[in-house]
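Whatever order the structure lists ligands and atoms in, that order sets their numbers, starting from 1.
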Amino acid sequence: MKRLFDPRSVAVIGASSNPAKIGTRVVANILGGGYHGDVYPINPRGGEILGCTAYPSIEAVEGEVDLAIISIPAAGVLAAIDACGLKGVGHAVVLTSGFSEIGKSEEERQIVEAAKAHGMRILGPNVFGIFSAAASLDATFGPGGIRPGHVAIVSQSGALGIAMIGKTAAESVGLSALVSVGNKSDLDESDLLEYLVDDEGTSVILLYIEGVKGGERLVRTLSKVTERKPVVVIKSGRSTRGAMAAASHTGSLAGADAVFDDLMRQCGVLRATSVQEAFNWVRFLSTAPAPSGTEAVIVTNGGGIGVLATDACEAYDVKLYDDQTVLKETFSGVMPTFGSSKNPVDLTGGASAEDYERALDAVLEEERMDAAIALYCETATADADRFDALLRDLYGRFRDRKPIVFSLFGGASIDRVIRSLRADGVPVFGDVYEAVSPLGALYRSWRGQGREPEEIPEASLDVEAVRSILVTAGAEGRGFLLADEAARVAEELDLPLPASAVARSLEEAVEKASRIGYPVAMKIVSKDVVHKSDAGGVALDLEDETEVVDAYQAILRNCRAYKPTATIEGVEIAEMVRPGIETIVGARRDPSFGPVVMFGLGGIYVEVMKDVAFRAAPVGPRTAREMIASIRSYPLLLGVRGESRKDTDPVAGVIERIGHLVTACPEITDIEINPLVVYDQEDGIRAVDVRILFDPPKGVKRG
Ligand code: COA
């Protein structure tokens with residue numbers, strides 16, 4: 001990747017004497033950006049382009065070429081890639097559009113194959129180029145003038161990437177790299193992340209993703225990167241494809257975006273909801289010092305805005321420093337007597353600029369307070385210019401020592417102050433929530449970086465035993481398992497199903513019911529009676545022997561009347577599952593991310609509540625427990641209003657085992673246990689219904 005980010009020489013195929021051509025624009029940016037290596041414009045006419053000798057072909061260049069930027073129409077790209085390969089070029093960045101994004105996937109595959117044959121890598125096609133601060137290389141067709149710094153942006157959207165050049169320049173954000181991945185025919189986000197994590201010039205990475213390719217690798221890579229550097233992601237294109245293709249609750253709940261959101265959290269990635277929020281985060285994360293703790297102090301001259309900031313802190317998980325004695329000691333000498341030293345520290349509207357400065361100085365000098373959230377409402381006596389100078393000075397003195405954010409609220413003069421401070425890199429915002437949000441992002445990323453990665457223990461699963469059940473079912477042309485087959489898989493998964501036995505006579509029914517314990521349920525066992533309830537083949541809540549005798553006779557009578565030709569194998573006697581908290585555990589093969597597990601509130605309302613969590617499988621015990629604790633209904637499992645705590649440890653075990661199974665057994669597309677009833681602690685769980693779908697052997701239709 002060094003030849004891509006720090007090339008010794010760059011050829012631009014498709015540069016022209018016409019300054020309006022994209023290729024020429026790239027050469028102009030390379031020259032204007034201060035690149036020190038050799039630049040070779042390539043044009044069949046030769047001559048000179050922007051003062052550089054132009055070569056009629058890449059073969060004609062005498063020296064080595066590390067990087068080729070290709071900016072010619074699609075029809076000529078394959079031949080150009082071949083020529084680059086023969087020349088020994090390391091990477092080709094293909095700007096040209098007109099490949100898989102318009103359905104020309106075969107043409108795209110051919111250029112990747114041609115590059116592979118020469119050991120060359122491709123960025124693109126359909127990209128705006130690459131900027132790398134390490135080489136002072138701006139090989140994009142953007143507006144130029146990229147400010148070097150420590151934020152790396154990897155964008156799938158060309159337009160957004162180019163717009164970022166102007167935005168970052170206007171707001172004094174420096175870039176270490178700006179890379180467009182376009183169609184991701186070869187190099188994708190994971191390849192670039194693997195380089196950027198070791199790049200000393202990069203302190204924060206911003207990803208803009210439209211669609212995920214190679215999701216399993218992306219999750220692994222992101223998990224490693226976020227241990228060392230913050231990664232912010234924006235994703236558009238909330239597809240419902242996954243949900244539409246799905247044949248289970250797990251599937252329909254796994255709308256592509258729900259899975260993406262949870263998996264990013266699992267990787268420690270900060271997902272922003274808007275481009276502006278992402279921009280605010282990376283800007284702050286690239287300049288704020290590493291926190292020493294997470295307890296912030298709000299200083300305000302307005303009570304209302306202080307309360308708003310308190311709400312924002314709760315929303316973004318920013319803790320407020322709460323030692324009232326220390327707060328009183330710290331602020332008693334520096335604030336008006338009518339102010340409040342509780343956090344938010346309210347200096348009130350009568351506070352002078354000096355009061356404000358003294359109070360902020362006190363927060364920033366006090367070691368026990370970890371960050372300052374400085375709020376200011378314009379007052380009649382305020383002098384905006386004076387305020388501008390005051391904040392500038394304060395930020396300059398403390399910017400390397402403690403995280404500070406500012407929120408100023410007022411009219412035109414305050415807006416002017418905000419603009420001028422922002423242009424100089426001061427983290428100042430108009431809205432309180434906007435100001436607190438980057439601080440929350442800093443803390444989330446910091447907590448993630450301090451976390452030990454989870455070791456995933458080996459699973460003790462007999463995968464071959466499961467596979468042989470699938471093979472038998474597949475041979476019958478089915479893509480799903482029958483209840484008894486699913487029960488055998490459940491046994492392998494150590495899933496506690498309700499106790500059951502098949503009775504072939506009335507005496508056996510009575511004996512088995514008393515062994516299982518009342519109340520029991522009874523159900524006809526016959527392959528010929530598919531809709532068992534409609535046939536009168538089911539009886540529930542049977543309390544004693546008399547009820548079992550009556551039900552047995554009624555079930556046989558009903559089913560014989562319903563289908564006289566049916567072969568009846570017996571009647572199943574099963575434990576009636578006691579009520580408890582109904583949860584759902586599922587696993588499936590996600591089209592983008594591969595094996596994922598799901599946990600949530602189950603039962604019949606599962607799709608209404610959508611209270612579920614996803615993680616990439618396999619998962620270890622820590623992740624399984626975190627999934628359980630992350631759903632909104634978690635308090636139900638902790639026990640509400642004097643109820644006892646529920647037995648969640650066995651649930652975590654099921655999540656782990658099901659994750660291992662779907663990972664080890666790629667034929668399985670969906671497993672779902674719904675409901676998985678959870679009882680009080682020590683009382684365990686019961687899996688009431690287990691459904692398993694798998695890919696049947698080729699040529700066999702899913703049943
Ligand atoms: N080797 C070298 N030069 C070649 C060549 C080759 N194999 N084939 C053509 N050229 C020359 C052309 O003669 C022309 O030079 P000239 O002006 O001296 O005649 C120059 O390269 C450019 O070719 P041209 O045919 O004029 O194409 P163009 O510059 O109008 O368009 C693209 C080329 C790549 C810009 C266009 O096809 C395209 O894909 N545009 C969209 C780009 C985009 O938006 N990308 C995604 C961004 S996110």
Side-chain angles (χ1 to χ4, degrees), residues 10-30 39-61 65 67-87 89 92-104 107-108 110-111 114-115 120 122-131 138-144 146 153-166 178-189 192 207-211 236-237 275:
V10 183
V12 181
I13 301 178
S16 150
S17 54
N18 178 349
K21 294 283 171 184
I22 281 187
T24 320
R25 178 82 220 156
V26 173
V27 175
N29 277 344
I30 295 175
V39 185
Y40 305 116
I42 312 289
N43 184 292
R45 283 191 258 272
E48 204 174 85
I49 293 173
L50 301 177
C52 301
T53 307
Y55 294 77
S57 67
I58 192 135
E59 298 91 317
V61 175
V65 179
L67 177 63
I69 312 292
I70 298 186
S71 181
I72 56 173
V77 171
L78 182 57
I81 290 284
D82 245 334
C84 287
L86 288 170
K87 174 72 186 163
V89 169
V93 176
V94 183
L95 307 186
T96 313
S97 302
F99 288 92
S100 64
E101 81 283 6
I102 57 157
K104 298 206 167 170
E107 286 79 349
E108 189 165 301
Q110 284 172 3
I111 63 166
M120 186 170 78
I122 289 190
L123 185 67
N126 192 28
V127 296
F128 64 78
I130 180 166
F131 164 78
D138 178 0
T140 72
F141 59 82
I146 301 178
I153 301 180
V154 175
S155 176
Q156 197 176 348
S157 156
L160 193 84
I162 291 178
M164 277 289 183
I165 297 177
L178 175 64
V179 193
S180 164
V181 287
N183 296 1
K184 301 191 248 192
S185 69
D186 178 17
L187 294 174
D188 62 12
E189 289 91 352
L192 300 168
L207 292 181
Y208 174 83
I209 297 181
E210 280 171 355
S236 64
V275 176

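Here the OG1-CD1 distance, from Thr96 to Ile111, works out to 8.0 Å after rounding to the nearest 0.5 Å.
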Distance-only donor-acceptor pairs under 3.5 Å for side chains of residues 180-187, two or more places apart:
{"unit_1": "Ser180", "atom_1": "OG", "unit_2": "Phe128", "atom_2": "N", "d": "3.1"}
{"unit_1": "Asn183", "atom_1": "OD1", "unit_2": "Asn126", "atom_2": "ND2", "d": "3.2"}
{"unit_1": "Asn183", "atom_1": "ND2", "unit_2": "Ser100", "atom_2": "OG", "d": "3.3"}
{"unit_1": "Asn183", "atom_1": "ND2", "unit_2": "Glu101", "atom_2": "OE1", "d": "2.8"}
{"unit_1": "Asn183", "atom_1": "ND2", "unit_2": "Glu108", "atom_2": "OE1", "d": "2.9"}
{"unit_1": "Lys184", "atom_1": "NZ", "unit_2": "Gln156", "atom_2": "OE1", "d": "3.4"}
{"unit_1": "Lys184", "atom_1": "NZ", "unit_2": "Glu189", "atom_2": "OE1", "d": "3.1"}
{"unit_1": "Lys184", "atom_1": "NZ", "unit_2": "Glu189", "atom_2": "OE2", "d": "2.8"}
{"unit_1": "Lys184", "atom_1": "NZ", "unit_2": "Gly211", "atom_2": "O", "d": "2.8"}
{"unit_1": "Ser185", "atom_1": "OG", "unit_2": "Gly124", "atom_2": "O", "d": "2.8"}
{"unit_1": "Asp186", "atom_1": "OD1", "unit_2": "Arg121", "atom_2": "NE", "d": "3.3"}
{"unit_1": "Asp186", "atom_1": "OD1", "unit_2": "Arg121", "atom_2": "NH2", "d": "2.8"}
{"unit_1": "Asp186", "atom_1": "OD2", "unit_2": "Arg121", "atom_2": "NE", "d": "3.0"}
{"unit_1": "Asp186", "atom_1": "OD2", "unit_2": "Ile122", "atom_2": "N", "d": "2.9"}

Using a 3.5 Å cut-off and no angle test, enumerate the donor-acceptor pairs between side-chain atoms of residues 39-50 and protein atoms at least two apart in sequence or in another chain.
{"unit_1": "Asn43", "atom_1": "OD1", "unit_2": "Arg45", "atom_2": "N", "d": "2.8"}
{"unit_1": "Asn43", "atom_1": "ND2", "unit_2": "Ala15", "atom_2": "O", "d": "2.8"}

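Using a distance-only test at 3.5 Å, with no hydrogens or angles considered, no donor-acceptor pair links the side chain of Lys104 to the main chain of Ala74.
In plain terms, the two heavy atoms of Ser71 and Ile22 that are nearest each other are OG-CG2, 3.5 Å.
Sorted by chain and number, the residues within 4.0 Å of ligand 1 by heavy atom are Ile13, Gly14, Ser16, Lys21, Ile22, Ile42, Asn43, Pro44, Arg45, Ser71, Ile72, Pro73, Leu95, Thr96, Ser97, Asn126, Val127, Phe128, Phe141, Gly158.
Under the side-chain contact (heavy atoms from CB on, under 4.5 Å) criterion, Pro143 pairs with Ile162, Ile165, sequence neighbours left out.
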